[in-house]
Amino acid sequence: MLGRLADLLDRPGLYRLWQAPFAEHKFAPVLAHGDLRGVRRVLDVACGPGTNAHHFANASYVGMDLNRRYVVEAGRSKGRRII
């Protein structure tokens, strides 16, 4: 069962659906404790399919993730540098 769940979550679209209800809630502490408008550079480790990239629209953004599918999706959909 866990193997099958991992296989499903390996797909960026399903991951995004699964995370959508929680993504902004999980990022809320970052927003509460800092003004992101002054951020110039971001290294987003374990970026997934670019879930938080939109918060750093004015920054030089590099995301990285072990899941190659997520990296490809994030780079394609967000137009950001993902490795």
Side-chain angles (χ1 to χ4, degrees):
M1 169 116 172
L2 288 178
R4 184 150 193 202
L5 179 60
D7 289 341
L8 289 173
L9 294 178
D10 192 41
R11 300 175 186 187
L14 291 175
Y15 175 89
R16 189 168 286 135
L17 287 173
W18 175 64
Q19 282 294 307
F22 312 106
E24 290 303 312
H25 178 72
K26 290 189 323 185
F27 201 75
V30 174
L31 296 173
H33 295 287
D35 182 1
L36 300 184
R37 293 175 294 182
V39 173
R40 297 290 174 241
R41 294 183 185 175
V42 174
L43 173 60
D44 188 355
V45 177
C47 67
T51 306
N52 296 319
H54 68 280
H55 289 292
F56 303 104
N58 297 319
S60 173
Y61 177 94
V62 174
M64 57 190 302
D65 200 287
L66 292 175
N67 185 316
R68 187 71 188 144
R69 286 182 177 177
Y70 291 173
V71 168
V72 169
E73 172 66 16
R76 183 182 63 75
S77 69
K78 305 297 181 196
R80 307 304 290 270
R81 181 173 172 220
I82 313 290
I83 58 175

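FYI, side chains are in, hydrogens and waters are out, and symmetry mates aren't considered; it's all heavy atoms of this structure. Sequence positions, counted from 1, serve as the residue numbers for this chain.
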**Minimum heavy-atom distance Arg40-Asn58, with the two atoms named** = NH1-O, 4.4 Å
**Fill in**
On a heavy-atom basis, the closest approach of Pro29 and His33 is O-CD2, 3.0 Å
**Request:** Mark yes or no for whether Asp65, through its side chain, and Val71, through its backbone, hold a donor-acceptor pair below 3.5 Å.
**Result:** no
**Asked** Shortest non-hydrogen contact from Arg41 to Ala59?
**Response** N-CB, 4.3 Å
**Fill in**
Rounded to the nearest 0.5 angstrom, the CZ-CG distance for Arg68 and Leu66 is 11.5 Å
**Phe27 and Phe56 aromatic ring geometry - parallel, tilted or perpendicular at 30°/60° bounds** = perpendicular
**Request:** Would you mind telling me which of Asp44, Leu43, Val39, Asn52 makes a side-chain contact (heavy atoms from CB on, under 4.5 Å) with Tyr61?
**Result:** Asp44
**Message:** To check you understand the geometry: which heavy-atom pair defines the closest contact between Ala74 and Gly50, and what is its length?
**Reply:** CB-N, 3.5 Å
